Asks: 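A single structure is presented below for examination.
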Amino acid sequence: QVQLVESGGGSVQAGGSLRLTCVASGDTYRDYSYRGAMGWFRQAPQKGREAVASIDSDGRILYTDPVKGRFTISQDNAKNTLYLQMNNLKPEDTGDYYCAFKKYLMPILDPSNYNYWGQGTQVTVSS
């Protein structure tokens with residue numbers, strides 16, 4: 001199985017920064033980590049889940065347009081950890097942020113492709 005645990009959320013003012021962390025574990029993750037991909041997704045109140053960024057084990061990265069130039073996704077394979085550095089945060093970035101994992105290469109921004117999800121961490125950006 002795969003366990004994903006997010007942390008790092010909080011409340012900040014517009015223009016501030018946060019760094020989210022997702023620690024992965026489990027037998028399935030260990031077997032597929034070198035040929036899979038991870039992503040960050042978010043869900044604002046009363047809205048659907050939307051993509052933020054994705055990275056695969058080869059280091060290929062995709063960002064959704066609203067976060068380009070402000071957010072940076074990265075991973076530390078030795079620590080089984082995924083990061084999302086969020087700078088210049090805006091009120092529209094508010095939501096629950098989730099990390100997810102899928103068992104094949106290629107970063108993809110469509111959440112339906114991901115098999116495993118964390119419980120989420122809340123981000124609130126005030127104006």
Side-chain angles (χ1 to χ4, degrees):
Q1 288 302 317
V2 176
Q3 290 80 43
L4 303 171
V5 180
E6 303 96 333
S7 62
S11 297
V12 297
Q13 290 190 325
S17 298
L18 285 172
R19 189 176 82 154
L20 305 184
T21 298
C22 173
V23 179
S25 63
D27 293 341
T28 301
Y29 178 79
R30 199 161 45 244
D31 291 341
Y32 286 89
S33 62
Y34 68 97
R35 47 179 167 149
M38 298 191 75
W40 285 103
F41 299 82
R42 66 187 181 187
Q43 187 164 9
Q46 299 181 333
K47 290 189 177 180
R49 192 167 293 186
E50 65 174 4
V52 175
S54 176
I55 184 170
D56 73 3
S57 56
D58 286 348
R60 290 172 289 198
I61 292 173
L62 288 177
Y63 293 101
T64 191
D65 286 345
V67 309
K68 284 180 180 177
R70 300 188 297 123
F71 291 10
T72 302
I73 189 172
S74 62
Q75 60 190 0
D76 184 334
N77 293 328
K79 296 181 178 180
N80 296 332
T81 301
L82 178 72
Y83 302 100
L84 184 69
Q85 178 65 44
M86 305 187 294
N87 298 328
N88 190 22
L89 282 160
K90 303 177 180 180
E92 52 263 43
D93 295 318
T94 294
D96 293 324
Y97 282 69
Y98 301 87
C99 71
F101 173 72
K102 64 179 179 70
K103 296 188 295 185
Y104 57 95
L105 283 173
M106 290 304 293
I108 292 178
L109 295 176
D110 182 351
S112 68
N113 287 269
Y114 290 78
N115 310 103
Y116 304 95
W117 292 82
Q119 294 300 307
T121 186
Q122 191 173 53
V123 172
T124 303
V125 184
S126 58
S127 57

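This one's a predicted model, so the numbers in the text were calculated from it and none came from an experiment.
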Asks: Could you tell me the separation between the OG1 atom of Thr28 and the CZ atom of Phe101, rounded to the nearest 0.5 Å?
Replies: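 It is 8.5 Å, given to the nearest 0.5 Å.
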Asks: Same hydrophobic cluster for Tyr97 and Val12, using side-chain heavy-atom links shorter than 4.5 Å among ILVMFWY?
Replies: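 Same hydrophobic cluster.
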Asks: Is the side chain of Thr81 donor-acceptor paired with the backbone N or O of Val23 at a distance under 3.5 Å, no angle test?
Replies: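 No, because the side chain of Thr81 does not come within donor-acceptor range (under 3.5 Å) of the backbone of Val23.
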Asks: Contact between Tyr63 and Arg70 at the side-chain level, heavy atoms closer than 4.5 Å - yes or no?
Replies: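 No. Closest side-chain heavy atoms not under 4.5 Å.
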Asks: Distance from Gln3 atom CD to Asn80 atom CG, nearest 0.5 Å?
Replies: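 It comes to 11.5 Å.
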Asks: Can a donor-acceptor pair be found, under 3.5 Å and without considering hydrogens, that links the side chain of Gln13 to the backbone of Leu89?
Replies: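 Here the side-chain-to-backbone pair does not exist.
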Asks: I'd like to know if Lys90 and Asp93 make a salt bridge, using a cut-off of under 4.0 Å between side-chain N and carboxylate O.
Replies: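 No salt bridge links Lys90 with Asp93.
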Asks: Let me confirm one number: the CD1-OH distance from Ile55 to Tyr83, rounded to the nearest 0.5 Å.
Replies: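 If I round to the nearest 0.5 Å, the distance is 12.0 Å.
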Asks: Are any of the side-chain heavy atoms of Ser7 and Thr121 separated by less than 4.5 Å?
Replies: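 Side chain of Ser7 against side chain of Thr121, heavy atoms only: no contact under 4.5 Å found.
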Asks: Is any side-chain heavy atom of Val123 less than 4.5 Å from a side-chain heavy atom of Leu20?
Replies: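 Counting from C-beta outward, Val123 and Leu20 do come under 4.5 Å.
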Asks: If you measure only the distance, is there a donor-acceptor pair under 3.5 Å linking the side chains of Ser54 and Tyr114?
Replies: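 Yes, a side-chain donor-acceptor pair sits under 3.5 Å.
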Asks: Please find out if less than 6.0 Å separates the ring center of Phe41 from that of Trp117.
Replies: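 Yes; Trp117 has its ring centre under 6.0 Å from that of Phe41.
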Asks: Nearest heavy-atom pair of Tyr98 and Gly118: which atoms, and what distance?
Replies: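 Result for this residue pair: CD2-O, 3.5 Å.
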Asks: Does any non-hydrogen side-chain atom of Leu4 lie less than 4.5 Å from one of Met38?
Replies: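 A side-chain contact under 4.5 Å exists here.
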Asks: Is there a side-chain contact between Thr64 and Phe71 (heavy atoms, below 4.5 Å)?
Replies: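 No. Closest side-chain heavy atoms not under 4.5 Å.
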Asks: Using a 4.5 Å cut-off on heavy atoms from C-beta on, say whether the side chain of Ile61 contacts that of Pro107.
Replies: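 Heavy-atom side-chain distance check fails, nothing below 4.5 Å.
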Asks: Kindly indicate whether a cation-pi arrangement holds for Lys103 with Tyr32, taking the cut-offs as under 6.0 Å to the six-membered ring centre and within 45° of the axis.
Replies: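 Here Lys103 passes the 6.0 Å and 45° test against Tyr32.
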Asks: Quick one: does Glu6's side chain have a donor or acceptor within less than 3.5 Å of a partner on Gln119's backbone?
Replies: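 Between the backbone of Gln119 and the side chain of Glu6 there is a qualifying donor-acceptor contact (under 3.5 Å).
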Asks: Does a side-chain heavy-atom distance below 4.5 Å link Arg42 with Val67?
Replies: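 Yes. Closest side-chain heavy atoms under 4.5 Å.
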Asks: Nearest 0.5 angstrom please: Lys102 NZ to Asn115 CG, how far?
Replies: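 Rounded to the nearest 0.5 Å, the NZ-CG separation comes out at 9.0 Å.
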Asks: So, for Ser126 and Pro91, which heavy atoms are closest and what is the spacing to 0.1 Å?
Replies: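 Minimum heavy-atom separation between Ser126 and Pro91: C-CG, 4.5 Å.
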Asks: Quick check for you: to the nearest 0.5 Å, what is the distance between Leu62 atom CG and Lys68 atom NZ?
Replies: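 The NZ atom of Lys68 is 8.0 Å from CG of Leu62, to the nearest 0.5 Å.
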Asks: Keeping the roles fixed (side chain from Asp58, backbone from Arg60), state whether a donor-acceptor pair exists under 3.5 Å.
Replies: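 Judged by distance alone, no pair lies under 3.5 Å.
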Asks: What is the distance from atom OG1 of Thr72 to atom CG of Leu84, rounded to the nearest 0.5 Å?
Replies: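 These two atoms lie 8.0 Å from each other.
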Asks: Can you find a pair of side-chain heavy atoms, one from Trp40 and one from Cys22, that are under 4.5 Å apart?
Replies: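 They are in contact (side-chain heavy atoms under 4.5 Å apart), so the answer is yes.
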